[in-house]
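Below: the structure, in structure tokens.
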Amino acid sequence: MKIATYNVNGVNGRLPVLLKWLKESQPDIVCLQELKAPQDKFPEAEILEAGYHSVWLGQKSWNGVAVLSKLEKPVVSRTDLPGEDEIEASRYLEVKIKDLIIACIYLPNGNPVPGPKFDYKMRWFERLDAHAEMLITSGKKVLIIGDFNVIPTEKDVYKPEKYKNDGLFLPEVRKALENLISQGWTDALRHLYPTETIYTFFDYFRKAYERNAGMRIDHFLLSPEVVPLLKKGEVDKEVRGWEKSSDHCPVWIEIEESK
DNA sequence: ATGTCTCCAAAATGGAGA
């Protein structure tokens, strides 16, 4: 079973790219982030035509997350994290598909630092942390997937020194991700490729993709029950070079079918 | 500081967000 994540950066503006990638890559399940579309402007019909059921959480202008599935229509279990969201942003969508619990997340970017956006990111992280703890103790097959807006280590960005003061790479942000992972989660791509350079995002600025000046910020966190099922994982890097591409690449993993 | 791209606004450029 192939499970993917893709920050599309505008689901309607990117629809041709999304559909082309779906057709070529044929994932079974897809988590999308940054829909940038209100609830009633999600291209459900076109995506259904491509063979995918979808559930989504829209928002005017910003944010927005969705889960697509070829297998069966995802059953929504949560549309936000427990606790107060003072900004009411569409950033969390948790679904059940077969025996999997999938949390599709779009963690706040946090820039500029310091400031209210960074504070919001850290509060969001705390809420994610608390809920993830509940999920992992459930003993179920859980995957937290999406755009974390966190560069986990120096290995995960082309020039770490340039990002020392960035909201994606500050020590406290990396520590927050480490803390979360230390609950018992596995970073799937890093697990598969312990030492390789892996980038999932390339800025539109200054030909970042052409220069391979990227970073790894889109992640799959697997609960212990999922780790033994993990077979493969990859970044569909060439998609970033397509006309009208998002600044993120699609990323996917393959897990063994549940018996 | 800048670079680029999207969406949105009492609508054409310009701000916000990333």
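Remember, predicted model here, so these are calculated numbers, not experimental data. Every chain is numbered from 1, with letters handed out A, B, ... down the list of sequences.
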What is the distance from [atom1] of [X] to [atom2] of [N], rounded to the nearest Å?
X	N	atom1	atom2	value
A:Leu35	B:dA18	CG	P	14 Å
A:Asn165	B:dA1	CG	C1'	15 Å
A:Trp62	B:dA16	CH2	P	10 Å
A:Asp203	B:dG17	CG	P	17 Å
A:Tyr120	B:dG17	OH	C1'	13 Å
A:Asn12	B:dC5	CG	C1'	16 Å
A:Phe202	B:dC5	CZ	C1'	17 Å
A:His248	B:dC5	NE2	P	15 Å

Which nucleotide, [options], lies nearest any side-chain atom of [X]?
X	options	answer
A:Arg206	B:dT6, B:dC8, B:dT2	B:dT2
A:Arg14	B:dC8, B:dC5, B:dG17	B:dC5
A:Arg91	B:dC5, B:dA18, B:dC7	B:dA18

OP1 or OP2 of B:dA18 less than 4.0 angstrom from a side-chain nitrogen or oxygen of A:Lys36, does that happen here?
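No, A:Lys36 has no side-chain N/O under 4.0 Å of OP1/OP2 on B:dA18.
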Any side-chain N or O of A:Lys117 under 4.0 Å from OP1/OP2 of B:dG17?
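Checking B:dG17 against A:Lys117, a side-chain N or O does come within under 4.0 Å of OP1 or OP2.
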Ion pair present between A:Asp80 and A:Arg78, side-chain N to carboxylate O less than 4.0 angstrom?
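Yes.
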Does a side-chain N-to-carboxylate-O contact under 4.0 Å join A:Lys231 and A:Glu256?
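Yes.
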Side chains of A:Ser54 and A:Leu48: does their closest heavy-atom pair fall under 4.5 Å?
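Counting from C-beta outward, A:Ser54 and A:Leu48 never come under 4.5 Å.
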Contact class for A:Tyr106 (heavy atom, under 4.0 Å): base, sugar-phosphate, or nothing?
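Answer is sugar-phosphate: A:Tyr106 comes under 4.0 Å of backbone atoms only.
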Mind checking if A:Lys207 touches a base, just sugar-phosphate, or nothing, with heavy atoms under 4.0 Å?
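Nothing: the residue A:Lys207, judged by heavy atoms under 4.0 Å, touches no strand.
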For nucleotides [N] and [M], find the distance between their [atom1] atoms and express it as a whole number of Å.
N	M	atom1	value
B:dG3	B:dC8	C1'	22 Å
B:dA10	B:dT4	C1'	28 Å
B:dG17	B:dA12	P	24 Å
B:dA11	B:dG15	P	15 Å
B:dA1	B:dT13	C1'	22 Å

On DNA chain B, check which nucleotide each of A:Glu34 and A:Gln59 is closest to and give me the residue with the more 5' one.
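Final value for this comparison: A:Gln59.
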5' priority, DNA chain B, between A:Asp247 and A:Lys162 [closest heavy atom]:
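Per heavy-atom nearest nucleotide, the more 5' residue is A:Lys162.
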Pick out which of A:Arg174, A:Arg190, A:His219 makes a side chain to side chain donor-acceptor pair (under 3.5 Å) with A:Asp156.
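So, applying the side chain to side chain donor-acceptor pair (under 3.5 Å) to A:Asp156 and each of A:Arg174, A:Arg190, A:His219, only A:Arg190 qualifies.
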A:Pro152 and side-chain contact (heavy atoms from CB on, under 4.5 Å): which partner among A:Leu189, A:Leu177, A:Ile181, A:Ile217?
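The option that passes is A:Leu177.
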With under 30° as parallel and over 60° as perpendicular, where do the rings of A:Tyr158 and A:Tyr163 fit, or are they tilted in between?
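Ring orientation, 0 to 90° scale: perpendicular.
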